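Quick note on labels: first sequence line is chain A, next is B, and so on, each numbered from 1. Heavy-atom basis, side chains included; hydrogens, waters and symmetry copies ignored. Worth saying up front: this structure is predicted, and the values here are computed from it rather than measured.
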Number of protein chains: 2
Amino acid sequence: MSTYHHGNLRTAVLKAASKILEKKGISGLSLRETARDAGVSHNAPYRHFPDRESLLAGIAAEGFSMLGEALKSSSGKAMGAAYVRFALVHPERFRLMFGGSLAVGKYPALREAADRAYQALVDSFRPHADAQQAQVAAAAAWSLVHGLSHLILDGHFAPAQRDAAGTENFVRQVLGGVRYLLGAQRSA
Amino acid sequence: MSTYHHGNLRTAVLKAASKILEKKGISGLSLRETARDAGVSHNAPYRHFPDRESLLAGIAAEGFSMLGEALKSSSGKAMGAAYVRFALVHPERFRLMFGGSLAVGKYPALREAADRAYQALVDSFRPHADAQQAQVAAAAAWSLVHGLSHLILDGHFAPAQRDAAGTENFVRQVLGGVRYLLGAQRSA
DNA sequence: ACCTGAACACCGTTCAAGT
DNA sequence: ACCTGAACACCGTTCAAGT
């Protein structure tokens, strides 16, 4: 039996790389191990990805699609909770997508995938506000759930979220706690 | 003249590493280059840091102190703006502190430094709310400015922030835009 | 569009043996 | 608490020469 890879190597490489990413994180993801796991020679991946960063960009692009799917069917606070849930279920992928290891500007496909996911958020504010307000509201909402995701992942709210139920509860509280910010702002 | 390092090598290593971090990012920061820039042999840093990750943790700890300083003398919306400004002035350090490359739990000094910076935020809500509300409000506020920092750094709000003035303005708008979230939440 | 196999420069980490 | 110097396993990337 030959080791020649027939079929979609690109997909096979992405799959192997995703698996390694989940287990070892971004810095633990190497092209050579990916190739080994995919059962191909160490430079076969170069047929589909010019360098390691491009492979990372490919995984990130997949992630933005997944995120878009996860957000599609909800709105309001439920959408925020879905965003955080996505981050917690796919922590390493989330960090790859948003950890700054990737120069988003260098990969048009990545930029577009990210913009599509964001657009879903902006649209969800359209019914409640004019275009200008929707933009600002969406930016604030995205910032809120995005920051919350990062901080939970990094363990900065440890006491409040010792288990999964605690986390869900905490997320709900924080998303609802926005109203406390207004009073503080007014009196500051 | 000897190459023997007299004085505080730990400080010298941190300084050299910070410089490399700023220029090449986290993945571009190597122990060996740090040692070269500090003018010592490639394994001298091991006297002060057991491995590369510990060096990163040291730089991050510095960062949390810097962040604490930057936030100390402000409150309310100004404090949020100061947080974002810190992220924009020290992008790579910010990403190191919050990018998940570091297991915060593994470094007590890091955890304490981070907690101290957070406590400043919680305290700033104390005058306006009871302890429970202050906790939730601080978590929401931190999430908001933290997410905003990340998203701006990653270039996800590019059209709104083409220059420094545009960015300052945008940050102010988003921090103020929190009120739009309430209407949307209520009607969602 | 894949393969093997060699090569290069670089890395983190660990020694042994010094001062 | 630092030094030199060697060593190991690993890496990304680039070849050359195949099928």
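With D/dG12, C/dC11, C/dT13 as the choices, the nucleotide that has an atom nearest any side-chain atom of B/D51 turns out to be C/dT13. The listed nucleotides are C/dG12, C/dC11, D/dC2; the one nearest the side chain of B/V40 is D/dC2. Of the candidate nucleotides C/dT13, C/dC11, D/dG12, C/dC11 has the atom lying nearest to any side-chain atom of B/S30.
Taking atom C1' on both nucleotides, C/dA16 is separated from D/dC3 by 13 Å, rounded to a whole Å. Comparing the same atom, P, in C/dA17 and in D/dC2 gives a spacing of 22 Å after rounding to whole Å.
One finds no side-chain N or O of B/R47 lying less than 4.0 angstrom from the OP1 or OP2 phosphate oxygen of D/dC2.
Residues B/R10 and B/F49 meet the side-chain proximity criterion, which asks for heavy atoms closer than 4.5 Å. Between B/Y46 and B/L31, the closest side-chain pair of non-hydrogen atoms falls below 4.5 Å.
Counting non-hydrogen atoms under 4.0 angstrom, A/R32 reaches a base of the nucleic acid. Among the atoms of the strands shown, base atoms are found under 4.0 Å from some heavy atom of B/S41.
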- Query: Run the side-chain hydrogen bond (donor to acceptor under 3.5 Å, both in side chains) check on B/D37 and B/T34 step by step: do they pass?
  - Reply: CA-CA 5 Å; B/D37 287 6; B/T34 300; over 6 Å; no

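The minimum heavy-atom distance linking B/A82 with B/S74 is given by the pair CB-OG, 4.2 Å.
Aromatic pair A/W142/A/F125: centroids not less than 6.0 angstrom apart. A/H128 and B/Y180 have their aromatic ring centers separated by at least 6.0 angstrom.
Judged purely by atom type and a 3.5 angstrom limit, A/R93 uses its side chain to pair as donor or acceptor with the backbone of A/I59. Side-chain atoms of B/R95 come within 3.5 Å of backbone N or O of B/L153 as a donor-acceptor pair. Judged by distance alone, with hydrogens and angles left aside, the side-chain atoms of A/D154 form no donor-acceptor pair with the main-chain N or O of A/H156 at under 3.5 Å.
Here C/dC2 presents its P atom at 19 Å from CZ of A/R36, a figure rounded to the nearest Å. Between A/F49 atom CZ and C/dC2 atom C1' there is a gap of 15 Å when expressed in whole angstrom units. At whole-Å resolution of the value, CD in B/E33 and C1' in C/dG12 are 14 Å apart. In this structure, the CG atom of B/L29 is 16 Å from the P atom of C/dC10, given to the nearest Å. One interatomic measurement links the two molecules: CG of A/L55 to P of D/dG12, which rounds to 10 Å at whole-angstrom precision. Summarising the geometry, the separation between OH on A/Y46 and P on C/dT4 is reported as 16 Å, rounded to the nearest angstrom. In this entry the distance linking CG of A/L31 with P of D/dT13 reads 6 Å, nearest Å. Taking atom CD1 on A/I20 and atom C1' on D/dC10, their separation rounds to 14 Å, with Å as the unit.
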Short heteroatom pairs, N/O only, protein and nucleotides 15-17 of chain C, under 3.5 Å:
| unit_1 | atom_1 | unit_2 | atom_2 | d |
| --- | --- | --- | --- | --- |
| C/dC15 | N4 | B/N43 | ND2 | 3.1 |

- Message: Expected output check: what is the dot-bracket annotation of DNA chain D, where ( ) and [ ] are pairs inside the strand (brackets for crossing ones), | is paired with another strand, and pairs are Watson-Crick or G-U under 3.5 Å?
- Response: ||.|||||...|||||.||

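In this structure, B/H90 and B/F86 have tilted ring planes: the angle between them lies in the 30° to 60° band.
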